[in-house]
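The next block holds one structure in the form of structure tokens; read it before the comments.
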Amino acid sequence: MKKLYRKICMTVAALFLTANVLVINGTSLAVKIEASGEIPQEVSVGGMPFGVKFYSQGIVIVGFMEIETTEGVKTPAYDAGLRINDIITHINGAKVGTSEELIKYIEENNADEIEVTYLRGGNENKVKFTPALSSTDGKLKTGMWIRDTTAGIGTITYIVPETGEFAGLGHGICDAESGELLKMESGTVVDVKISGIVKGIAGTPGELKGYFTSDNSGVLLGNTSCGVYGVLTDIPDMLIPEEHIEIGNRREVHTGEAYIWCTLDDNVPQKYEIEIDEIHYKSNDNRSFSITIDDEDLIEKTGGIVQGMSGSPIIQDGKLIGAVTHVLIGDPKKGYGIFIENMLNAAG
């Protein structure tokens, strides 16, 4: 039976969906897309991969470089006091969210001084400096390496069939350098096909390799330390391993046998056996209990837990009780899971 999801179907080119705006051939239309705010008692199990295109709140500085000029080497942004992981939000009072916008403002300002507004540790600061004219290519440059978007692959934990609401990852999308949770400006969900596996070994985490197969299949509404959540526009029924399953609370979780759903390079969700070892019942974060991969098929294919499996739903005694979140670097067969309660509370 085909499930009905909150769906946006339009037969026009150049259709892009963000959290509050639908853009069709350059025309913006307001769209109300939001989570219901209700904690479901029953959901559909995930286990399928999803891709994320994540736009942070501003432009993140990820490095600096020296600029060759006719007056010698210059590093204008660094000399002004900017540092790695600072988030640039405005140039001369105008909001910037992409590298293209930053370049545009610099070029329009010619070689004049610019005022940069940035965030550091949650505090807003301002500095002024003059971009340097490169003698190599004749362009004005700030001397910064910047990032305006993040993309990656994870696993969906659950879907609320009546609304299309979902959550995944079990942990937040964080800055690779600082480990801090990235503040989300907007984000989209895209379909993914797993194309290969890098097997994990002690000391080196493995990874699911994949590629995006569509522009959009949903929107992200939040990035929290307990996972990401949003609304899916459509999900093929054949991908849902268990269509109706009860939510298990933390007091129902116990040591012993359980299983997970995840998708490898066969691109069909499969069930794999695990063991729950130690439980931290008071945990409100993403390391609520420790797990061990027991399934020989999964160990043979991946070595254990690998990047991209984060969010894989954990089932015990017929209830959804959590999701896979982390792997132990020293032993890829071991890792952590999060209580499903923590994910639901973060999304709700």
*Salt bridge or not for E252 and R250, using N-O below 4.0 Å?*
no
*Is K333 paired with D331 through a side-chain N to carboxylate O contact shorter than 4.0 Å?*
yes
*Would a distance-only check, ignoring hydrogens and angles, find a side-chain to backbone donor-acceptor pair under 3.5 Å from S288 to F339?*
yes
*Answer whether the closest heavy-atom distance between the side chains of V231 and T163 falls below 4.5 Å.*
no
*Ignoring hydrogens and angles, tell me if any N or O in the side chain of D191 forms a donor-acceptor pair with the backbone of F212 under 3.5 Å.*
no
_CD-CG distance between E273 and L298, expressed to the nearest 0.5 angstrom_ = 10.5 Å
*Are any side-chain N or O atoms of R287 and backbone N or O atoms of G337, one a donor and one an acceptor, separated by less than 3.5 Å?*
no
_pair V60-I87: side-chain heavy atoms closer than 4.5 Å_ = yes
*Would you say Q316's side chain and E257's backbone share a donor-acceptor pair under 3.5 angstrom?*
yes
*asked:* Can you tell me how far apart CD1 (I274) and OG (S312) are? Round to the nearest 0.5 Å.
replied: 9.5 Å
*Check whether any side-chain N or O of N342 sits under 3.5 Å from a backbone N or O of D285 as a donor-acceptor pair, and report yes or no.*
yes
*Backbone N or O of G154 within a donor-acceptor pair of the S310 side chain at under 3.5 Å?*
no
*Keeping the roles fixed (side chain from T263, backbone from G47), state whether a donor-acceptor pair exists under 3.5 Å.*
yes
*Roughly how far, to the nearest 0.5 Å, is CZ of F50 from CD1 of I156?*
6.0 Å
*asked:* In the structure I gave you, are the side-chain heavy atoms of L344 and E341 within less than 4.5 Å of one another anywhere?
replied: no
*Is there a side-chain contact (heavy atoms from CB on, under 4.5 Å) between I291 and I305 once you walk through the steps?*
CA-CA 10 Å; I291 62 174; I305 302 169; 3.9 Å; yes
